[in-house]
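Report on the following structure.
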Amino acid sequence: MKIYKNIPLKKYNTFGLNYTAECLIHIKTEKEASSLFNGSADWKKPLLILGSGSNILFIDDFKGTILYHELEGIKIEEQKQNKESVIISAGAGVIWDKLVEWTVENGYSGLENLSLIPGTVGASPVQNIGAYGTEVKDFIEKVKTIRISDGTVRIFQNSECKFGYRNSIFKKEEKGHYLVTRVYYKLIKKPLLNLAYGSLKEEVSRLGSESLKNVRQAVINIRRNKLPDPQIIGNAGSFFKNPVVSRSMADTLKKEYILMPLFEDQSGLTKLAAGWLIDQCGWKGKRIGDAGVHDKQALVLINYGKATGKEIYELSQAIQKSVNEKFGVELEREVEVIGTI
Ligand code: EPU
């Protein structure tokens, strides 16, 4: 276990913001995590568990402890000859896309539509990450965690995780109470492809046959084309969630805006495309100082270099205001804001 004081956070957040943290603890094993939380080590609250910092916006220096871990390892847990599925597990610190790459190379299907999503395995159940018609909740078997109050291990079965759209128990009632250490996924041994979303099928056929590898490559191509690479330009992917509205509200909006994209879900609610709403308000490609809106996907806010977290936050407020004024729709942030406003 390593403990650092007054550490710059620039490389710990994909917006590239230059704040500091009072304390950062770096751990490499579950044992170290347990001993950190069972009272044998002293640390100052609040605690922020950091994956690769790809879904947070610091707006201030952090006056508490950041936990950064590298819980590694991908394993096959259960593989029976006569079964169609396989159970694999990955340490919470594994880079998400490394796991997806591994599953595709091994011919296990399920996660391929989630290729190139930034972040770590540990964030996948917390956020219930999703893209191109797939949500990770459909492939999570269970989640191993350590309770922060006493260092004990607790397993959450899929049904206990209360998964929703970009949501789970780890973001709601149990927020900040558990450290995810390992995630178990149930994958399919033969290719079972999901090509229904947008232009995915077209991109796959441009590449050749409908194989796992081509689906992964197609998703990578589409993402690279639309989403900025945080290594090159600071961003945290979608800044807002797609708003979910009642069907009657969606019908009313659709009458006025016939081109508005709508995604019906099974529960009688309708998801609107936040990117489209923001785009229609004229924000796409706009820049205020060094804070901006990506020119190929209006759902992504950008730090062109020297923006502060507060400036990005203020830009997000201005966007919320104009979407509300034009469409009567509230945009909720997907990115977690860290600090006091
Ligand atoms: N659109 C516009 N203008 C824009 C952006 C989008 O008109 O500037 C329209 C698109 O043409 C399309 C619709 O809005 O008709 C939806 O856009 P897109 O398919 O790009 O997906 P999204 O709803 O904006 C969501 C996820 C992304 C994920 C994509 C693909 C959320 C908040 N975002 O974006 O996830 O990659 O679908 O599945 O659900 C992330 O969470 O960080 C993320 C990037």
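Heavy-atom basis, side chains included; hydrogens, waters and symmetry copies ignored. First listed ligand is number 1; within each ligand, the first listed atom is number 1.
Ranking protein heavy atoms by distance to atom 15 (O) of ligand 1, first place goes to Pro261 CG, 3.6 Å. Tyr197 OH, 4.3 Å is the protein heavy atom nearest to atom 29 (C) of ligand 1. Scanning all protein heavy atoms for the shortest distance to atom 28 (C) of ligand 1 gives Ala131 CB, 4.0 Å. Closest to atom 5 (C) of ligand 1, if we only count protein heavy atoms, is Gln297 OE1, 2.8 Å. Among protein heavy atoms, the minimum distance from atom 35 (O) of ligand 1 is reached at Arg166 NH2, 3.1 Å. Of the protein's non-hydrogen atoms, the one nearest atom 16 (C) of ligand 1 is Ala273 CB, 3.8 Å. At the top of the distance list for atom 25 (C) of ligand 1, counting protein heavy atoms only, stands Asn242 ND2, 4.1 Å. Shortest contact from atom 44 (C) of ligand 1 to any protein heavy atom: Ser238 OG, 3.2 Å.
If you look at Ala298 next to ligand 1, the close heavy atoms, those under 4.0 Å, come from the backbone and the side chain alike.
Near Arg223, meaning under 4.0 Å from one of its heavy atoms, ligand 1 places the atoms 36 (O), 44 (C). Short contacts between ligand 1 and Phe240, defined as distances under 4.0 Å to a heavy atom of the residue, involve ligand atoms 32 (C). Of all atoms in ligand 1, listed by their number and element, those nearer than 4.0 Å to a heavy atom of Lys284 are 3 (N), 4 (C), 8 (O). Per-residue contacts place Asp279 under 4.0 angstrom from the following atoms of ligand 1 (heavy atoms of the residue considered): 2 (C), 3 (N), 4 (C), 7 (O), 8 (O). Of all atoms in ligand 1, listed by their number and element, those nearer than 4.0 Å to a heavy atom of Tyr165 are 31 (C), 32 (C), 39 (O). Using a 4.0 Å cut-off to heavy atoms of Gly237, the atoms of ligand 1 that qualify are 42 (O).
Of the N and O atoms on the side chains of Tyr178 and Arg154, at least one donor lies less than 3.5 Å from an acceptor on the other residue. The closest side-chain donor-acceptor pair between Gln297 and His294, if any, does not fall under 3.5 angstrom.
Although no hydrogens or angles enter the test, the distance criterion places a donor-acceptor pair under 3.5 Å between the side chain of Arg166 and the main chain of Gly130.
There is no protein heavy atom closer than 4.0 angstrom to atom 10 (C) of ligand 1.
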> Run the salt bridge (charged side-chain N to carboxylate O under 4.0 Å, His left out) check on Glu202 and Arg206 step by step: do they pass?
Replying inline: CA-CA 6 Å; Glu202 266 169 55; Arg206 215 180 54 77; over 6 Å; no

>> For a side-chain hydrogen bond (donor to acceptor under 3.5 Å, both in side chains) check, start with the C-alpha distance between Asn221 and Gln217, then their side-chain angles and the critical distance, and finish with the verdict.
In response: CA-CA 6 Å; Asn221 294 352; Gln217 194 53 50; 3.0 Å; yes

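Put simply, the side chain of Arg333 reaches to within 4.5 Å of the side chain of Gln320, judged on heavy atoms. Annotation: side chain of Asn167 is in contact with side chain of Lys172 (closest heavy-atom distance under 4.5 Å). At a threshold of 4.5 Å between non-hydrogen side-chain atoms, the residues Asp229 and Arg224 do not count as touching.
A distance of 6.0 Å or more separates the ring centres of Tyr108 and Tyr185.
Residue-ligand proximity: Gln127 is placed with every non-hydrogen atom at 4.0 Å or more from ligand 1. In this structure, His294 does not count as a contact residue of ligand 1, since none of its heavy atoms falls inside 4.0 Å of the ligand.
The aromatic rings of Phe327 and Trp276 sit tilted, their planes meeting at an angle between 30° and 60°. Note on ring orientation: taking the six-membered ring where Trp is involved, the planes of His26 and Tyr4 are tilted (angle from 30° to 60°).
Considering backbone and side-chain N/O of Lys241, none are found under 3.5 Å from N/O of ligand 1.
Shortest non-hydrogen contact noted between Ser168 and Val126 is OG-O, 2.9 Å.
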